[in-house]
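The structure under discussion appears below in the form of structure tokens.
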Amino acid sequence: MVHLIQNIRKVECIEAYHLQHSDIIADRGVWLNVYQQFSPISTIGLSSVEISDKIENRQRIFTTKLTMFRSKKLLPGAKKFCFKVTTVTGSQFLIGSSEKPYPVIQNEESFPSAASGRAGVTVTVTLTSPIPMLAILD
């Protein structure tokens with residue numbers, strides 16, 4: 001099954017270890033107990049999230065893929081990031097947690113040959129985990 005959440009208007013990130021006091025509530029979402037602010041990521045236009053799942057070794061594994069378009073690469077270095085996304089309706093979701101596996105960041109630059117082409121960087125954040133993208137509970 002594949003779910004697609006379009007119209008992500010805001011993407012933010014935080015280092016994963018800041019989420020260690022957050023509580024995941026099964027089949028509901030996550031209560032964030034963070035003492036550090038999420039850092040906004042500048043994007044061009046709206047972003048999207050695609051969620052798929054499969055059964056592997058009798059365990060359900062979710063693959064969450066966040067796609068955004070930017071003017072420059074997103075380079076985390078050795079840091080492990082988690083991402084908070086906000087939809088145009090105000091719903092917020094968390095991709096990743098304080099524990100492994102962490103989201104993987106991939107940058108793809110495009111240099112179009114036509115002047116009307118879209119130049120920039122497509123950033124894809126992929127998380128493959130038994131924990132899906134979680135709704136952030138107030």
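A quick note: this is a predicted structure, and the numbers were derived from the prediction, not measured.
Put simply, OG1 on T43 and CZ on R70 are 8.0 Å apart, with the number rounded to the nearest 0.5 Å. The CG atom of L66 sits 9.0 Å away from the CE atom of M133 when rounded to the nearest 0.5 Å. T64 contributes atom OG1, which lies 11.0 Å from atom CZ of F93 (distance to the nearest 0.5 angstrom). Rounded to the nearest 0.5 Å, atoms OG (S52) and NZ (K65) are 8.5 Å apart. Here the straight-line distance linking atom OG1 of T128 with atom NZ of K54 works out to 7.0 Å at 0.5 Å rounding. Atoms NE2 and CZ, on H18 and F81 in that order, are 9.0 Å from each other to the nearest 0.5 Å.
Panel note: side chain S22, backbone N33; a donor-acceptor pair is recorded below 3.5 Å. Between the side chain of S110 and the backbone N or O of P112 there is no donor-acceptor pair closer than 3.5 Å. In this structure, R9 contributes its side chain and T87 its backbone to a donor-acceptor pair below 3.5 Å.
In the hydrophobic clustering of ILVMFWY residues, with side-chain heavy atoms under 4.5 Å counting as a link, I61 and V49 come out apart. Linking ILVMFWY residues whenever their side-chain heavy atoms come closer than 4.5 Å, directly or via other members, places I95 and I105 in the same cluster. In the hydrophobic clustering of this structure, V85 does not group with F69; members are Ile, Leu, Val, Met, Phe, Trp, Tyr whose side-chain heavy atoms approach within less than 4.5 Å, directly or through other members. Hydrophobic clustering of Ile, Leu, Val, Met, Phe, Trp and Tyr side chains at less than 4.5 Å, counting indirect connections, keeps V30 apart from Y17. In this structure, V121 is a member of the same hydrophobic cluster as V11, with clusters built from ILVMFWY side-chain heavy atoms closer than 4.5 Å.
Between V88 and L46 there is a side-chain heavy-atom pair separated by less than 4.5 Å. M68 is listed as a side-chain neighbour of L74, based on a closest heavy-atom distance under 4.5 Å. Within the 4.5 Å cutoff, side-chain heavy atoms of L75 are placed close to those of N107. Using a 4.5 Å cut-off on side-chain heavy atoms (C-beta onward), I41 and F83 make contact. Counting heavy atoms from C-beta on, the side chains of Q59 and P130 come closer than 4.5 Å. Within the 4.5 Å cutoff, no side-chain heavy atoms of L19 are placed close to those of S97.
The side chain to side chain donor-acceptor pair (under 3.5 Å) test applied to T86 returns Q92, not counting sequence neighbours. Legend: residues meeting side chain to side chain donor-acceptor pair (under 3.5 Å) with K80, ordered by chain and number and at least two apart, are absent.
Residues L94 and C82 approach most closely at CD1-CB, 4.4 Å, considering heavy atoms. What you find for R60 and F62 is that their closest heavy atoms are NE-CZ, 3.6 Å.
Exactly one residue among L137, D23, I136, I14 makes a side-chain contact (heavy atoms from CB on, under 4.5 Å) with L32. That residue is I136.
Atom NZ of K84 has more than 12 neighbouring heavy atoms from other residues, nucleotides or ligands inside a 6.0 Å radius.
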